[in-house]
Amino acid sequence: MTSEEEFEFFKSLDEALREDDGAAAREHLEAGFPIYVQTDETPSDIVEKRYPDGRVEFVTFDQYGEHLVSRASG
């Protein structure tokens, strides 16, 4: 991929993410699968893993996979 193609790809991805209404995430949860999100409150190196039953874990990723950092209290 050229740098111009890469730029256009990320530009279109950014536009699609801005228009997302969360429907796909809700469908995924309703099907019984966790989703991964990052909010304004989530540290930049952490991802929230949200489960259909309401549990939330904070995870990181590296070349070896997913790693649990902590579980949300509540």
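Basis for what follows: all heavy atoms, side chains included, without hydrogens, waters or symmetry-related copies.
Annotation: side chain of Ile46 is not in contact with side chain of Val59 (no heavy-atom distance under 4.5 Å).
Heavy atoms of other residues, nucleotides or ligands lying less than 6.0 angstrom from CZ of Arg71 number 12 at most.
Counting only distance, with no hydrogens or angles, the side chain of Glu30 and the backbone of Ala25 share no donor-acceptor pair below 3.5 Å. The main-chain N or O of Glu5 is never found under 3.5 Å from a side-chain atom of Glu8 such that the two would form a donor-acceptor pair. The closest donor-acceptor contact from the side chain of Gln38 to the backbone of Ser44 lies under 3.5 Å. Looking only at distances, no side-chain donor or acceptor of Glu57 sits under 3.5 Å from a matching main-chain atom of Arg50.
Asp45 contributes atom CG, which lies 12.0 Å from atom CZ of Phe58 (distance to the nearest 0.5 angstrom). Note that the OH atom of Tyr36 and the NE2 atom of His28 stand 8.5 Å from one another [nearest 0.5 Å].
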Query - Check against side-chain contact (heavy atoms from CB on, under 4.5 Å), Val56 and Lys49 - result: CA-CA 6 Å; Val56 176; Lys49 183 177 184 179; over 6 Å; no
Report task. Assess whether side-chain contact (heavy atoms from CB on, under 4.5 Å) is satisfied between Thr60 and Val47, documenting all intermediate values. Result -> CA-CA 6 Å; Thr60 60; Val47 177; over 6 Å; no
Report task. Output, in order, the C-alpha distance, side-chain angles, deciding distance and verdict of side-chain contact (heavy atoms from CB on, under 4.5 Å) for Asp62 and His67. Result -> CA-CA 8 Å; Asp62 64 17; His67 304 281; 2.8 Å; yes
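Remark: Asp53 pairs with Tyr51, Arg55 by the side-chain contact (heavy atoms from CB on, under 4.5 Å) rule, at least two apart or across chains. With sequence neighbours excluded, the residues that form a side-chain contact (heavy atoms from CB on, under 4.5 Å) with Asp14 are Arg18.
Between Pro52 and Gly32, the closest heavy-atom pair is CG-C, 3.5 Å. Here the closest heavy-atom approach between residue Thr42 and residue Glu48 is recorded as OG1-OE2, 2.7 Å.
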